[in-house]
Structure formats: C-alpha cells, structure tokens
Amino acid sequence: MEETLIEEGESNREGGEVSPALIAVHPLEKSLAVSIGSELRVFDLIEDCSISLVDDSGGPLHSDSIRAICFGANGKLFASAGDDKLVKVWTTNPWRCISTVIAEKRVSAVAISHDGLFVSFADKFGVVWVTGTDGDHEAKEKASPLFGHYCSIITSLEFSPDGRFIVSADRDFKIRVTVFPKNPFSGAHEIQSFCLGHTEFVSCLSFVCTQEHPQGFLLSGSGDSTVRLWDVRSGSLLDTCEVGSEAGLSECDGKEENVCPAITDICTSADGSIVAVGIQRQVTVVMT
C-alpha cells in the first residue's frame, strides 16, 4: 500500500494535490494529531483548542508529505515522518520537537518503543532503522540499521505491548516478528516468527490487549479485505474476519469480477472490547 501511496505522492506534487490525511489519538485521549500533506496539527481534546507546536531540534521542518505518525505507549512522545526523509520526535507536554533525524530514503512507517527510549522507522527500500530518544543532541539525530525486508516496502511497524518484539509488515504479504534486542544499535538478528496467510499486501498492524492476555494479540489488515488475529510468539493464525462481507459491502458479493476494498487502518479500545477498522471509501466497527 505504501508503495502506491509514495508513487502517487510523486505525481500529486506535480499536480498540486494533497496526500491522504493521517490521524492519531493520544493513548489517554488528551489530544488528537492530524497530518495533511506536510502540515502537522494537534488539538487539545480536554480544552477543546488547537495546540501550538515548537521545534527546538534545530533541524528542518517537514516540507513534503507526512506518511506516518504515532504516539508512544504512555503518550509522552510522538513521532512524524515522511517523503522529506525526516523523522521528527516530539514531546507532548509541552508539545515541542526534541530531535530531527534525516533518513537516507523516504520514510513509510514509524513506531516508538514502549519504554520511550527508541524510535524505529522504515524507509522505501525496506530497511528498518532505530534511533534513541535519550542521550546528547548528536546521538538523537543519528540512526542505525536494525533489519531489512529485502527491498519490499514496509507498510507498518508496531512494538509488542511487553516491548519484547518489533513487528513489521510489507507489500509482499509478510508479517515479520523480530526480537527487539537490548542494544538495538548493533542490529536485530533474531526472528521470533512470521505471520503468513494474507493474500494481498499487509496495510496496517495493531495490538489488542485484554485483562486475560495483557501481552496482547496482533491484528493485521490487508488488501485482501480481511483482518486477521495472530499469536506473534508462534506466528499462528487465530482468527480471520472477512470485513467486506461482514459489513455487507456490495463489492464483496462473491462475483468473480468484484474486488473487496482494502483495509486501510485498525485501532483498538484500551480494554480490547472494540476494534475499529477503516476500509477504502467506508468505515465500519467490528466488535471483538
């Protein structure tokens, strides 16, 4: 999915069109971040007002389409990245940019470790990089390669709730679960599992946690119009939801010439009771 978006972004810049908007909600629902093109805007959900962003990093501002945004697990950090090869890390109280990393290639996905010490991002060549959020100014502006997907564009990155794994998805239908090392700057060389079963590109990832399973299960959305539930430790497929059919979309009536719309995004409630699924041209909510 990201490969298509990047290619479209190139032609969009020529035609003056704006790239798709991205939305991220603070884990404690304190704020809402929205990116449209190269613009990043944040709204205070408690005070019902916009928030001014301050950039103390000394690096450049976003000048091209932002392709990935995310909050850290506790909401203290936020990251934005995109076609301008910039990865910007922000604190959220107050909102200010504390570091800017300049990547070698355009960035397609970004994630923050659950302890808030590391930010990982993927570039258009399928390489996952890691940078630190702690330490001196110079150290926070450097990134080291973590692992790669062999030239397949990575569409989504997620850290597991217990911080043990980093999960990456790509356009070649693969989901890779990698053990996140204690010293990630030396690379991540241990693969825990692969979650295989999607028949089209994997577009999005999200973990769902319950009281019974605080370590969480992985949810994945795909161009095959399914959302699948996985055990990341074994790579086992636990369940599959045919979202297009469940939502009663006419495109998914079983006729051979019809193609169900792709899943574009997944988010879950804090208690794991609700999973919201974004679909091309529509939105539905699936109860878990």
Common cluster, Ile175/Phe173, ILVMFWY with side-chain heavy-atom separation under 4.5 Å: no
Are Ser220 and Trp230 linked by a side-chain donor-acceptor pair shorter than 3.5 Å? yes
Got Thr155 and Arg171 here, is their nearest side-chain heavy-atom distance under 4.5 Å? yes
Evaluate whether atom CD of Gln215 has more than 12 neighbouring non-hydrogen atoms of other residues, nucleotides or ligands under 6.0 angstrom away. yes
List in chain and number order the residues that pass salt bridge (Lys or Arg N to Asp or Glu O under 4.0 Å) with Arg228, two or more places apart in sequence or in another chain; answer none if no residue qualifies. Asp224
Any heavy-atom pair between the side chains of Pro60 and Thr100 that's under 4.5 Å? yes
Determine whether Val110 and Leu61 fall in the same hydrophobic cluster, where Ile, Leu, Val, Met, Phe, Trp and Tyr are linked whenever their side-chain heavy atoms lie under 4.5 Å apart. no
Results of side-chain hydrogen bond (donor to acceptor under 3.5 Å, both in side chains) for Glu190 - residues two or more places apart only: none
So, the side chain of Ser65 versus the backbone of Gly37: is there a donor-acceptor pair under 3.5 Å, distance only? no
State the CG-CZ distance between Leu238 and Phe217, to the nearest 0.5 angstrom. 6.0 Å
Whether the side chain of Ser156 engages the backbone of Leu205 through a donor-acceptor N/O pair (distance < 3.5 Å, no angle test) should be reported. yes
Determine whether Ile191 and Val232 fall in the same hydrophobic cluster, where Ile, Leu, Val, Met, Phe, Trp and Tyr are linked whenever their side-chain heavy atoms lie under 4.5 Å apart. no
After noting the C-alpha distance and the side-chain angles of Ile153 and Asp170, does the key distance pass the side chain to side chain contact (heavy atoms under 4.5 Å, CB included) rule? CA-CA 6 Å; Ile153 290 182; Asp170 65 28; over 6 Å; no
Considering residues at least two apart in sequence or located in another chain, which fulfil the side-chain contact (heavy atoms from CB on, under 4.5 Å) criterion with Asp115? Ser113, Leu117, Phe118
With ring pair (Phe, Tyr, Trp, His ring centres under 6.0 Å) as the test, would you mind laying out the steps for Phe180 and Phe159 before giving the verdict? CA-CA 9 Å; Phe180 192 72; Phe159 281 92; 5.0 Å; yes
Please give me the minimum heavy-atom distance between Ala103 and Phe121, naming the atom from each residue. CB-CE1, 3.6 Å
Would you indicate whether the side-chain heavy atoms of Ser31 and Trp95 approach each other to under 4.5 Å? yes
Once you round to the nearest 0.5 Å, how far does CH2 of Trp129 lie from OG of Ser120? 12.0 Å
Locate the shortest heavy-atom distance separating Ala81 from Val107; write the atom from each residue and the value. CB-CG1, 3.6 Å
Let me have the donor-acceptor pairs involving side chains of residues 69-77, under 3.5 Å, with sequence neighbours excluded, atom names and distances please.
unit_1 : atom_1 : unit_2 : atom_2 : d
Asn74  : OD1    : Lys76  : N      : 3.0

For the CZ atom of Arg96 and the CH2 atom of Trp90, what is their distance to the nearest 0.5 Å? 11.0 Å
Taking all heavy atoms of Ile266 and all of Gly221, pick out the closest pair and write down the distance. CD1-N, 3.4 Å
If only atom types and distance count, is the side chain of Ser99 paired as donor or acceptor with the main-chain N or O of Thr133 below 3.5 Å? no
Hey, any chance Leu45 and Ile23 share a hydrophobic cluster, counting ILVMFWY side chains that come within less than 4.5 Å of each other, even indirectly? yes
With side chain to side chain contact (heavy atoms under 4.5 Å, CB included) as the test, would you mind laying out the steps for Thr268 and Ser206 before giving the verdict? CA-CA 7 Å; Thr268 63; Ser206 182; 3.9 Å; yes
Under the salt bridge (Lys or Arg N to Asp or Glu O under 4.0 Å) test, residues paired with Arg164 that sit two or more places apart: none
Between the side chain of Asp123 and the main-chain N/O of Phe125, is any donor-acceptor distance below 3.5 Å? yes
What heavy-atom pair brings Ser236 and Ser234 nearest, and what distance separates the two atoms? OG-OG, 2.7 Å
Please tell me if the side chains of Val119 and Val130 come closer than 4.5 Å, counting only heavy atoms from C-beta onward. no
Would a distance-only check, ignoring hydrogens and angles, find a side-chain to backbone donor-acceptor pair under 3.5 Å from His26 to Leu28? yes
Does Asn93 have more than 12 heavy atoms from other residues, nucleotides or ligands lying within 6.0 Å of its CG? no
Once salt bridge (Lys or Arg N to Asp or Glu O under 4.0 Å) is applied, do any residues pair with Asp162, and if so which ones, sequence neighbours excluded? Arg233
Within a 6.0 Å radius of atom CG on Asn183, are there more than 12 heavy atoms belonging to other residues, nucleotides or ligands? yes
pair Lys85-Glu104: side-chain heavy atoms closer than 4.5 Å: no
From Ile274 CD1 over to Ser269 OG, what is the distance, rounded to the nearest 0.5 angstrom? 5.0 Å
With distance as the sole test, does Asp84 use its side chain to make a donor-acceptor pair with the main-chain N or O of Ser63 at under 3.5 Å? yes
Check Ala188 against Phe147 and note the closest heavy-atom contact, atom names and distance. O-CB, 3.9 Å
Applying a strict under-4.5 Å side-chain criterion to I, L, V, M, F, W and Y, I'd like to know whether Val179 and Val167 cluster together. yes
Does Leu86 form a side chain to side chain contact (heavy atoms under 4.5 Å, CB included) with Val101? I'd like the steps, not just the answer. CA-CA 6 Å; Leu86 299 182; Val101 176; over 6 Å; no
Going through the checks in order, is the side chain to side chain contact (heavy atoms under 4.5 Å, CB included) test met by Val42 and Leu32? CA-CA 6 Å; Val42 181; Leu32 173 74; over 6 Å; no
Between the CD1 atom in Ile166 and the CG atom in Leu146, the distance rounded to the nearest 0.5 Å is 5.5 Å
Gap separating the CG atom of Asp231 from the OG atom of Ser193, nearest 0.5 angstrom: 7.5 Å
Between Ser222 (side chain only) and Ser225 (backbone N and O only), is there a donor and an acceptor less than 3.5 Å apart? no
Is a side-chain N or O of His189 found less than 3.5 angstrom from the main chain of Ser186, in a donor-acceptor match? yes
Hey, is Asp55 close enough to Lys88 for a salt bridge, meaning N to O under 4.0 Å? yes
Closest approach of Ser80 to His62 (non-hydrogen atoms, all atoms of both residues): OG-NE2, 2.9 Å
So do Asp265 and Val277 actually touch side chain to side chain, heavy atoms under 4.5 Å? no
The side-chain contact (heavy atoms from CB on, under 4.5 Å) partner of Ile263 among Ile279, Thr226, Val202 is Ile279
Does any part of the side chain of Asp239, heavy atoms only, come nearer than 4.5 Å to the side chain of Leu237, both counted from C-beta? no
For a 4.5 angstrom cut-off between non-hydrogen side-chain atoms, does Arg106 reach Ser108? no
